[in-house]
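Worth saying up front: this structure is predicted, and the values here are computed from it rather than measured.
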Amino acid sequence: MDHAAVLALYDRDMREGARPESSDARVERTGGVVRHVGGEGGWSGVLWSDLDAADADAVIAEQVAYFTGIGHEFEWKLHGHDRPADLGQRLTAAGFTADAEETLMIGETADQLVDAEPPEGVRIVPVTDRVGVELMVEANERAFGHDGSWLRDLLHARLAADPDAIVALLAMAGDVPVSSARMELIPGARFAGLWGGGTVEGWRGRGVYRALIAHRARIAADRGYRYLQVDASDQSRPILERLGFAPLSTTTPYVYAR
């Protein structure tokens, strides 16, 4: 993989040339930023920027005024290669709070088309209704140890508004959810986003996470996506590297709460 070329393609495809994540969302290009305005239960924030030291503070203030004016909390998704180099410090000074830094990792979809089946007694099932959503929230809460109400809201909104744009999956051991994951599919993009992969303690290290990646890769390949994209935590990065994903940059969500 030509890392520089793929990173440039990612910036053009998923950030500067972003599409709305759902039918009730919109993407706006104004000045030096591309921003996403989410629909019901959707994500709002700045996806891409082309700023310099002379205009960064003014543009940040403009985005704060815009999103607060329409009543949206929002996120400025800062990438490690964004400019100016002190953009993160400027966001903090403007009232944003930084979440944990993650690593932007990219894999070739074709490289993940392997016969990676879940362990014996575990099956992978799609989430399409309220019962499945509740099981997915349960798995997420047990895996990550925090409240999953945000995931419930997101899934209900996305499954109702644009079900073809999201793939939600559960790994079930009998009637018990032991892992969950989702994939975001934006029409016309070349990158399918892998999100939320988490396995409950006691089932980790047994191939469930790998099976969920392979399952999503097969779906992405069938729908014409060449790349898989992950914002990886420190825990998942080494696993993904062993599977052939390449780290290209870092991502840090800077959140502005009203």
Pair Trp43-Glu75, side-chain donor/acceptor within less than 3.5 Å: yes

Thr128 versus Leu159: any side-chain heavy-atom pair under 4.5 Å? no

To the nearest 0.5 angstrom, please state how far the CG atom of Leu91 sits from the CG atom of Asp57. 9.0 Å

Pairwise distance CZ(Arg226) to CD1(Ile106) - rounded to 0.5 angstrom: 11.5 Å

Sub-3.5 Å donor-acceptor pair from the side chain of Arg190 to the main-chain atoms of Gly188, do we have one? no

If you look at every heavy atom in Pro247 and Thr103, which pair is closest and at what distance? CB-CG2, 3.6 Å

Whether the side chain of Glu101 engages the backbone of Gly80 through a donor-acceptor N/O pair (distance < 3.5 Å, no angle test) should be reported. no

CG (Leu194) and CG (Leu240) are apart, to the nearest 0.5 Å, by 8.0 Å

Over all heavy atoms of both residues, which pair between Asp129 and Gly132 is shortest? Give the atoms and the distance, please. OD1-N, 2.8 Å

Check the pair Leu7, Leu104 against side chain to side chain contact (heavy atoms under 4.5 Å, CB included), reporting the backbone distance first and the verdict last. CA-CA 9 Å; Leu7 180 60; Leu104 172 65; 4.1 Å; yes

For the student: nearest non-hydrogen atoms of Asp99 and Thr252, plus distance: O-CG2, 3.5 Å

Let me check something: do Ile70 and Tyr256 share a hydrophobic cluster, defined by ILVMFWY side-chain heavy atoms less than 4.5 Å apart, either directly or through other members? yes

Derivation and outcome, side chain to side chain donor-acceptor pair (under 3.5 Å), residues Glu28 and Tyr66: CA-CA 11 Å; Glu28 300 176 340; Tyr66 173 79; 2.8 Å; yes

Counting N and O atoms only, with roles assigned by atom type, does the side chain of Arg206 sit under 3.5 Å from a partner on the main chain of Pro119, one being a donor and the other an acceptor? no

Is the shortest side-chain heavy-atom distance between Leu155 and Arg152 below 4.5 Å? no

Strictly distance-based, threshold 3.5 Å: is any side-chain N or O of Thr250 a donor or acceptor partner for the main-chain N or O of Glu102? no

Within-4.5 Å side-chain heavy-atom neighbours: Phe74 and Arg35: no

For Ala168 against Met136, the heavy-atom pair lying closest together: CB-SD, 3.8 Å

Expected output: side-chain Arg15 to main-chain Leu47 donor-acceptor under 3.5 Å: yes

Rounded to the nearest 0.5 Å, what's the gap from OG1 on Thr109 to CD on Gln229? Could you check? 11.5 Å

Given the rule that I, L, V, M, F, W and Y join up when any side-chain heavy atoms are under 4.5 Å apart, are Ile124 and Ile213 in one cluster? yes

Quick one: do Leu135 and Val127 satisfy side chain to side chain contact (heavy atoms under 4.5 Å, CB included)? Show the steps, please. CA-CA 9 Å; Leu135 289 170; Val127 173; over 6 Å; no

Return the minimal non-hydrogen interatomic distance between Ala94 and Ile60, and the atom names on each side. CB-CG2, 3.6 Å

If Ile, Leu, Val, Met, Phe, Trp and Tyr residues are connected whenever their side-chain heavy atoms lie under 4.5 Å apart, and connections chain through other members, are Met183 and Tyr225 in the same group? yes

What's the verdict on side chain to side chain contact (heavy atoms under 4.5 Å, CB included) for His215 and Val167, showing C-alpha distance, side-chain angles and the deciding distance? CA-CA 10 Å; His215 192 99; Val167 175; 5.8 Å; no

Salt bridge check, Arg218 against Asp115: does any charged N sit closer than 4.0 Å to a carboxylate O? no

In the structure I gave you, are the side-chain heavy atoms of Met105 and Glu241 within less than 4.5 Å of one another anywhere? yes

Under 3.5 Å: donor-acceptor pair, side chain of Arg19, backbone of Arg26: no

Can you label the angle between the Trp150 ring and the His146 ring as parallel, tilted or perpendicular, going by 30° and 60°? tilted

Do the side chain of Thr68 and the main chain of Val64 share a donor and acceptor less than 3.5 angstrom apart? yes

Say whether Trp76 and Trp48 are linked into one hydrophobic cluster, either directly or through other cluster members, by side-chain heavy-atom distances under 4.5 angstrom. no

Distance-only, no hydrogens or angles: does the Glu184 side chain make a donor-acceptor pair with backbone N or O of Gly193 under 3.5 Å? no

In terms of relative ring orientation, are Tyr10 and Phe191 parallel, tilted or perpendicular, with 30° and 60° separating the classes? perpendicular

Is any side-chain heavy atom of Ile186 less than 4.5 Å from a side-chain heavy atom of Met14? yes

Any sub-3.5 Å donor-acceptor pair from Arg204's side-chain atoms to Thr199's backbone N or O? yes

Shared hydrophobic cluster for Val200 and Val133 (ILVMFWY, side-chain gaps under 4.5 Å): no

Strictly under 6.0 Å, is that where the ring centroids of Phe96 and Tyr254 end up? no

Contact between Glu62 and Val33 at the side-chain level, heavy atoms closer than 4.5 Å - yes or no? no

Salt bridge present between Asp231 and Lys77 (N-O < 4.0 angstrom): yes

Calculate, to the nearest 0.5 Å, the distance between atoms CG and CZ belonging to Leu185 and Arg223 respectively. 5.5 Å

Look at the side chain of Arg142 and the backbone N and O of Glu138, then say whether any donor-acceptor pair between them is shorter than 3.5 Å. no

Atom OG of Ser249 and atom CG of Asp11: how far apart are they, to the nearest 0.5 Å? 8.0 Å

For a quick test of reading the model, state the closest non-hydrogen atom pair linking Pro118 to Ala211 and the distance between them. N-CB, 3.6 Å

Can you list the steps and then say if Met172 with Val178 is a side chain to side chain contact (heavy atoms under 4.5 Å, CB included)? CA-CA 6 Å; Met172 299 289 295; Val178 298; over 6 Å; no

Contact check, side chains of Ser49 and Leu87, non-hydrogen atoms, under 4.5 Å: yes

Lys/Arg N to Asp/Glu carboxylate O, Arg130 vs Glu134, below 4.0 Å: no

Heavy-atom distance under 4.5 Å between the side chains of Val37 and Phe67, does that happen here? yes

